[in-house]
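Lettering follows sequence order; numbering is per chain, from 1. Since this is a predicted model, take the numbers as computed values, not measurements.
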Protein chains: 2
Amino acid sequence: MIHYTHPNRILVALDCIIFGFDGEELKLLLIKRNFEPERGKWSLMGGFLKEDEDLESAAQRILFDLTGITNTYLEQLQTFGAVNRDPVERTISVVYYALVNIQDQDLNAIRSHNASWIGLNEKPNLIFDHNTMVEQALHRLRYKAALHAIGFELMPEKFTIPQLQKVYEAIYTKQLDRRNFSRKILSTDLLIGTGEKDTASVTKKGQLYRLNAEKYQQYLTDYVSFFPELTLA
Amino acid sequence: MIHYTHPNRILVALDCIIFGFDGEELKLLLIKRNFEPERGKWSLMGGFLKEDEDLESAAQRILFDLTGITNTYLEQLQTFGAVNRDPVERTISVVYYALVNIQDQDLNAIRSHNASWIGLNEKPNLIFDHNTMVEQALHRLRYKAALHAIGFELMPEKFTIPQLQKVYEAIYTKQLDRRNFSRKILSTDLLIGTGEKDTASVTKKGQLYRLNAEKYQQYLTDYVSFFPELTLA
DNA sequence: GCAAAAGTGTTTCCGGTACACCCATGT
DNA sequence: ACATGGGTGTACCGGAAACACTTTTGC
């Protein structure tokens, strides 16, 4: 193979920010490193880009290794390339963020990587520039969720409208009006009622809905002002 | 220096998508390659990341080399990393896009790189995945400009409101209502009237405004629905 | 019966849009 | 005078926000 006459080949890493929702709180899947460098500290799940691998494939591989999850929302966030961001060696990191249904996870895979779900409020300090990455991912998530219908990605197969509302309240750390929320969501035609009731609930059992997959495809690409009232500072 | 025991160091390139506005049309600064590979074809301006250089600095360096412009809007778009995107050698490319005031350019620098401003409608076919990059940059520009006040970045120091309107009409290829546009822009308090009149205009000379730098800083980070009526498909 | 959560309806208000009219300038 | 383009005001309409009321369930 022909090569460029350029000397500076650089190590390319990927890091994954994995968001999940447990019904109450927005959580991150973080690993407590049992390997060098920075053994014993917390970090995002990462890895290196292989020679014969697309960027997106590499991100999927890393996500799968940790969780066993394959088909999920995965989007490139940003590439971080400060000279000294990794003290071991010059490395640039292409960062992806994922929204996963926390129930789909493979507990064995997670355990073997020494990973845990940690609420955003309890997030420990992370190595390198991983704190900045998380901050930026959260910002992007808020941005996206206000304009596109991606909140569903954090839900299980079937869910009630109040459950969905909790996702949005967790994303924006803000209370939303139950009545307006319900009306807005239903007006999008994105949900299909299953007739079933939420057995988990203690009091009045809400109706379980599932996603209208067809409509959802449109909403992912189309711009939709989901929550204009939320300031995206 | 310690190194990771990982073999796959990869060539990291940067490409810059440079938008400009000539008063009528949205333009791209493209180069007709007088070097290999793909000599004679059109491409974005690019370069390789150096060992001791931040990503953002590298993008600024490339932009400066081509235009002589330093302080301008520059934002990382996305990193492109398909295995075969560069037929010469595996290379990932971190892409930035810039919004420049077309009058600030250094014509000598541009000429020496064999570059020209080309209207979006006359864009030639570009090498590699550069067409996709431009497409995506345009999408991002439309997205951003609808939510944040970045249209000003394409304007000269002083400008009239109708001139600014033409920028937005060029970005969205859509006619906007003169009266509503003016009211919306003025309501933001982003413009400061200079009292001077636009000498270029043939008929009624419009008032020249300049940017309220302080307010502008707020608007860059804050979310503002500038043009909710524009679909951001 | 009561508390807690889910579901539905109504009114108000603001902001976007569409429109009409006036002003300044050069020919 | 008139054509061209800049500047300001107003009325309407739709969607978001703020409210009240009813229903279901478990204790």
Inset, instruction - Begin from the C-alpha positions of A:Leu107 and A:Arg111 and carry the test side-chain contact (heavy atoms from CB on, under 4.5 Å) through to its verdict. - result: CA-CA 6 Å; A:Leu107 287 171; A:Arg111 216 173 293 128; 3.7 Å; yes
Legend entry - Given D:dC19, C:dT17, C:dG7, the nucleotide with the shortest approach to the side chain of B:Lys184: C:dT17
Legend entry - Length of the NZ-C1' vector between B:Lys174 and C:dG16, whole Å: 12 Å
Legend entry - Euclidean distance, atom CZ of residue B:Phe181 to atom P of D:dT8 [Å, nearest integer]: 14 Å
Legend entry - Nearest-nucleotide comparison on DNA chain D, the residue closer to the 5′ end among B:Pro162 and B:Arg183: B:Pro162
Legend entry - Test item: side-chain donor near acceptor, A:Arg210 and A:Thr194, under 3.5 Å: no
Legend entry - Heavy-atom side-chain proximity of A:Thr70 to A:Leu63 below 4.5 angstrom: no
For residues 113-121 of chain A, which side-chain donor-acceptor pairs fall under 3.5 Å, sequence neighbours excluded?
residue: A:His113; atom: ND1; partner: A:Ala109; partner atom: O; Å: 3.0
residue: A:Asn114; atom: ND2; partner: A:Lys32; partner atom: O; Å: 2.8
residue: A:Trp117; atom: NE1; partner: A:Gln105; partner atom: OE1; Å: 2.8

Inset, instruction - Salt-bridge test for B:Glu24 and B:Lys166: reply yes if a basic N is under 4.0 Å from a carboxylate O, no otherwise. - result: yes
Legend entry - Nucleotide C:dA5, atom C1' - distance to CD of A:Glu24 in whole Å: 13 Å
Inset, instruction - Starting at atom CD1 of A:Ile185, determine the distance to atom P of D:dA17, rounded to an integer number of angstrom. - result: 13 Å
Inset, instruction - For B:Asp177 and D:dG7, give me the distance from atom CG to atom C1', rounded to whole Å. - result: 13 Å
Legend entry - B:Asn180 CG to D:dC12 P, straight-line distance once rounded to whole Å: 16 Å
Inset, instruction - Answer yes or no: is there a donor N or O on one side and an acceptor on the other, between the side chain of A:Ser182 and the main chain of A:Arg179, under 3.5 Å? - result: no
Inset, instruction - Figure out the CG/P separation between B:Leu191 and D:dG7, and round it to whole Å. - result: 11 Å
Inset, instruction - Summarise protein proximity over nucleotides 20-27 of chain C in one line of letters, 5' to 3': B for base, S for sugar-phosphate only, - for none, counting protein heavy atoms closer than 4.0 Å. - result: B--BBSS-
Inset, instruction - Quickly work out the A:Gln165 CD to C:dA5 C1' distance and round it to whole Å. - result: 11 Å
